[in-house]
Amino acid sequence: MAEKEPYYLTTAIAYTSGKPHIGNTYEIVLADAIARFKRMQGYDVFFQTGTDEHGQKIEEKAKQSGVTPKQFVDERAAEVKRIWDLMNTTYDKFIRTTDADHEAQVQKIFKKFYEQGDIYKGAYEGMYCTPCESFWTESQLVDGKCPDCGREVKPAKEEAYFFKMGKYADRLIEHINTHPEFIQPVSRKNEMMNNFLLPGLQDLCVSRTSFKWGIPVDFDEKHVVYVWLDALNNYITGIGFDVDNPSEQYKKLWPAGLHLIGKDIIRFHTIYWPIFLMALGQPLPKQVFGHPWLLQGGEKMSKSKGNVIYADDLVSLFGVDAVRYFVLHEMPFDNDGTITWELVAERNNAELANVLGNLVNRTVAMSNKYFGGVVENKNVSDEVDEDFKAFVAGVKDKVVSKMDELRVADAISEVFALFRRSNKYIDETAPWALAKDEAQRDRLATVLYNLAESILIGASLLKPFLPETADKILSFFGETVRALDDLSTFGLYRGGKVVEKPEILFARVDYAKEIAPKVAAIQEAQRKAYEAEQPKEPDPKITIDDFAKIKIKVGEVIACEAVKKSKLLHETVKIGGETRSILSGIAAYYTPEEMVGKKVLVVTNLPPRTMKGIVSEGMILCAEDKDGRVVLVSPEQDVESGSEIS
RNA sequence: CGCGGGGUGGAGCAGCCAGGUAGCUCGUCGGGCUCAUAACCCGAAGGUCGCAAGUCCGAAUCUUGCCCCCGCAACCA
């Protein structure tokens with residue numbers, strides 16, 4: 001027997017700055033479906049996922065929470081793993097970039113690059129704002145000053161290591177052009193070529209000195225390795241790569257069959273990562289698939305509103321497989337998809353409960369009712385059987401071909417087409433009518449056998465997507481998953497006894513009555529948790545003299561226009577005898593027309609500031625509520641322009 | 001002209017790369033059936049495929065311009 005062909009697939013490793021929401025969870029489920037399917041196809045699959053745990057952001061978050069970075073990421077990584085496990089995903093390895101062997105290898109790789117001249121020591125040059133400790137490029141500066149604090153910046157240099165990207169660019173362009181399958185979907189390929197490769201690659205800064213929470217450069221301890229050079233290498237360190245002596249596992253598995261990643265990090269995976277591999281003298285992964293995002297419908301997701309959707313909340317309401325179904329089926333191939341609680345409930349009812357659950361239920365029920373639960377093929381065929389059998393037997397090939405293109409959503413649709421066809425078959429054969437005629441008893445048995453067989457084929461095909469459900473269905477018929485190769489042959493089921501009372505696979509839910517209140521409770525809890533997290537320092541007290549320093553006067557808006565491509569309105573305000581040009585970020589809440597004629601309160605002794613090329617000579621006072629809605633503050637009665645506030 | 005994605009019957013999407021009867025799921029309406037989780041099956045209504053121009057025998061699909069929406073970034077004195 002031939003040795004199984006290896007297939008190594010990875011997800012991006014999750015950044016441990018926060019709890020992964022449903023959009024992040026989607027990726028692991030998608031990878032799991034692919035991994036399970038590949039195993040079914042007979043590949044020797046190795047499926048790796050994990051967490052990316054270094055970087056400045058994590059250092060800061062840990063500090064805020066008052067724990068060490070290590071404690072912080074331990075907690076976060078455990079949370080990620082818990083959710084991955086909850087989703088019933090079958091990863092073979094969960095790597096963490098803080099694993100000792102990973103860190104050691106990254107140091108070796110960095111050193112090798114340095115020794116072979118791919119990495120050189122240089123200086124990062126730019127405009128530096130000392131109070132903010134940040135570098136800015138010329139184009140980022142606002143009015144020649146720091147975009148964060150508005151203070152002066154000065155040219156500065158910081159020592160850093162750089163990777164010579166240009167050296168490998170031609171080879172990479174060549175590779176991408178000769179391997180059209182390398183970047184998926186293809187639309188992403190052009191984006192990478194046109195925006196980054198063809199204009200010429202900049203050398204990449206691959207070390208940092210501004211924070212400590214990273215892998216130290218072992219021959220120059222004040223530097224830590226840039227997070228991407230650290231993180232990307234997980235794909236090889238996780239399977240035992242070693243600069244000097246790669247493991248047997250590495251030799252077997254590399255190059256990877258598939259890196260599954262979000263579309264936002266395609267650049268790192270199709271440009272930097274291949275180039276690092278070239279520098280290591282290693283072959284490139286066969287395929288990088290940048291999947292789209294699962295976006296939350298309606299309003300923007302934010303913790304303060306409590307409307308972030310997390311996998312575990314969804315699972316608590318709908319069950320694991322319903323959530324897997326939703327993310328796998330609802331996610332388009334190259335557009336972003338939408339998720340709302342209501343949509344999940346709708347899919348649960350319309351497809352899982354009505355089409356699949358009810359089909360299984362009615363089939364088992366009829367087998368019990370008419371034959372005491374014994375399914376037997378009596379081979380009494382009818383014309384209508386032919387089309388049905390051909391359809392069912394043809395589904396496997398369709399699923400395989402969709403999966404070969406990574407069109408998981410389409411693959412799962414094909415399986416459901418089988419279940420829909422089976423429901424139709426029940427109508428075509430009307431078993432309840434056959435049951436009334438004793439002479440049709442064998443025909444009735446055959447119909448129920450055909451139904452059972454089609455459900456069994458469907459359940460086996462469903463296994464990679466909805467593993468628990470597939471197993472339950474099969475167990476109702478006393479069967480186990482059938483080999484993929486046997487799924488295009490109709491009639492392999494030998495018959496047998498079905499369960500007396502099948503468990504309801506997916507219960508219908510009433511969104512308004514059952515789900516909506518629970519969703520409200522989840523959101524409320526989330527909002528409270530968020531508020532509790534916020535530092536609650538009392539506002540520092542000021543003196544009356546401090547207040548007196550602020551000059552606030554009543555002004556009248558005499559002209560106003562929107563500033564293009566911004567949230568700004570540009571008002572001309574008459575304050576007593578003078579007029580001022582003022583900018584305010586309220587374009588989303590007021591139109592220029594309604595601003596004109598309004599009496600507003602203006603802080604008049606702020607230094608002028610330029611935004612979008614326009615000078616602002618004051619600030620109009622507004623109130624902002626917790627949803628970010630902004631409302632002008634105005635004198636309660638009409639008062640003369642120029643009046644002072646005291 | 002910061003980067004990117006999108007505008008297809010009421011909703012969510014496919015079709016666009018390789019032009020040629022506009023498809024799927026839900027919803028609505030009508031009918032059928034009663035084994036089943038008020039589920040299932042059949043039929044119907046409903047779309048000038050964002051707007052305009054161009055290429056072509058022919059454009060949802062290719063080209064150009066414009067409008068609008070959504071992310072990210074920036075900005076909100």
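Treat the numbers as computed from the prediction; the structure is a model and nothing was measured. In what follows, chains carry the letters A, B, and so on, assigned in the order in which the sequence lines appear, proteins first and then strands, with residues in each chain numbered from 1.
Residue A:Asn423 contributes atom CG, which lies 5 Å from atom P of B:C41 at whole-angstrom precision. One can place CD1 of A:Ile426 at 16 Å from C1' of B:G32, the figure rounded to the nearest angstrom. Atom CG of A:Leu448 is separated from atom P of B:A36 by 13 Å (rounded to the nearest Å). Here the C1' atom of nucleotide B:C35 and the OH atom of A:Tyr449 are 21 Å apart, to the nearest Å. Atom CG of A:Asn354 is separated from atom P of B:U34 by 20 Å (rounded to the nearest Å). The distance from atom CZ of A:Phe419 to atom C1' of B:U37 is 16 Å, rounded to the nearest whole Å. Nucleotide B:A36 holds its P atom 19 Å from the CD atom of A:Glu503, rounded to whole Å. Following rounding to the nearest Å, A:Leu356 (CG) and B:A36 (P) show an atom-to-atom distance of 18 Å.
Residue A:Glu383 qualifies as open at atom CD: its count of foreign heavy atoms under 6.0 Å is 12 or below. Remark: A:Glu578 CD is packed, more than 12 non-hydrogen atoms of other residues, nucleotides or ligands lying under 6.0 Å away. Counting non-hydrogen atoms of other residues, nucleotides and ligands closer than 6.0 Å to NZ of A:Lys599 gives a total above 12.
In this model, a donor atom of one side chain and an acceptor atom of the other lie less than 3.5 Å apart for A:Tyr425 and A:Asp385. Looking only at atom types and distance, the side chain of A:Tyr511 has no donor-acceptor partner in the side chain of A:Glu346 under 3.5 Å away. Side-chain atoms of A:Ser422 and A:Ser454 include a donor-acceptor pair closer than 3.5 Å. There is a side-chain donor-acceptor pair under 3.5 Å between A:Asn423 and A:Arg362.
To the nearest whole angstrom, the two P atoms, one in B:U64 and one in B:G27, are 41 Å apart. Across the P atoms, B:C3 and B:A22 are found 37 Å apart, a figure rounded to whole Å. Using atom C1' as the reference point in both B:C13 and B:C76, the two lie 36 Å apart (nearest Å). Separation of the P atoms belonging to B:G54 and B:U8 is 25 Å when rounded to the nearest angstrom. Separating the C1' atom of B:C24 from that of B:G47 is a span of 15 Å, rounded to the nearest Å. Atom name C1', nucleotides B:U34 and B:C42: the rounded distance is 15 Å, in whole Å. For the C1' atoms, the distance from B:A18 to B:A52 is 27 Å, rounded to whole Å. Taking atom P on both nucleotides, B:G9 is separated from B:C49 by 10 Å, rounded to a whole Å.
Across all strands shown, A:Arg421 has no heavy atoms under 4.0 Å from either base or sugar-phosphate atoms. Residue contacts for A:Gly618: at a heavy-atom cut-off of 4.0 Å it reaches the sugar-phosphate backbone alone, with no base atom in range. Among the heavy atoms of the strands, none lies under 4.0 Å from A:Leu343.
Less than 6.0 angstrom separates the ring centroid of A:Phe182 from the ring centroid of A:His175. Two rings, from A:Phe416 and A:Phe419, have their centers less than 6.0 Å apart. Aromatic ring centres of A:Tyr493 and A:Tyr449: separated by under 6.0 Å.
Of the side-chain N and O atoms in A:Arg407, one or more sit less than 4.0 angstrom from OP1 or OP2 of B:G15. Side-chain N/O atoms of A:Asn361 include none lying less than 4.0 angstrom from OP1 or OP2 on B:A39. Considering only side-chain N and O atoms, A:Lys424 lies under 4.0 angstrom from the phosphate OP1 or OP2 of B:C42.
Of the candidate nucleotides B:C35, B:A39, B:C26, B:A39 has the atom nearest to the side chain of A:Arg508. The side chain of A:Leu606 has B:A77 as its nearest neighbour among B:C26, B:C40, B:A77. Checked against B:C26, B:C40, B:A36, the side chain of A:Ala365 finds its nearest nucleotide in B:A36. Of the listed nucleotides (B:A39, B:C35, B:G12), B:A39 has the atom at the smallest distance from the side chain of A:Asn358. When distances are taken from the side chain of A:Leu505 to each of B:A77, B:U37, B:C35, the shortest belongs to B:U37.
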**OP:** Please test A:Arg421 against A:Glu428 for salt bridge (Lys or Arg N to Asp or Glu O under 4.0 Å), starting from the C-alpha separation and ending with a verdict.
**Re:** CA-CA 10 Å; A:Arg421 183 64 187 82; A:Glu428 289 170 338; 3.4 Å; yes
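Interface residues of residues 427-444 of chain A facing RNA chain B, ordered by number: A:Asp427, A:Trp432; criterion, heavy-atom separation under 4.0 Å.
Each of A:Tyr370 and A:Ser616 has a nearest nucleotide on RNA chain B; the 5'-most of these lies closest to A:Tyr370. For the pair A:Thr363 and A:Glu351, nearest-nucleotide mapping onto RNA chain B gives the more 5' position to A:Glu351.
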Original post:
Pairing of RNA chain B as dot-bracket, 5' to 3': ( ) intra-strand, [ ] crossing, | other strand, . unpaired, with Watson-Crick or G-U pairs under 3.5 Å?
Top reply: .(((((((.[[[[.)....(..]]]].(((((.......))))).....[[[[[..)....]]]]])))))).....
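A salt bridge links A:Lys549 and A:Asp546; the closest N-O separation between the charged side-chain nitrogens and carboxylate oxygens is under 4.0 Å.
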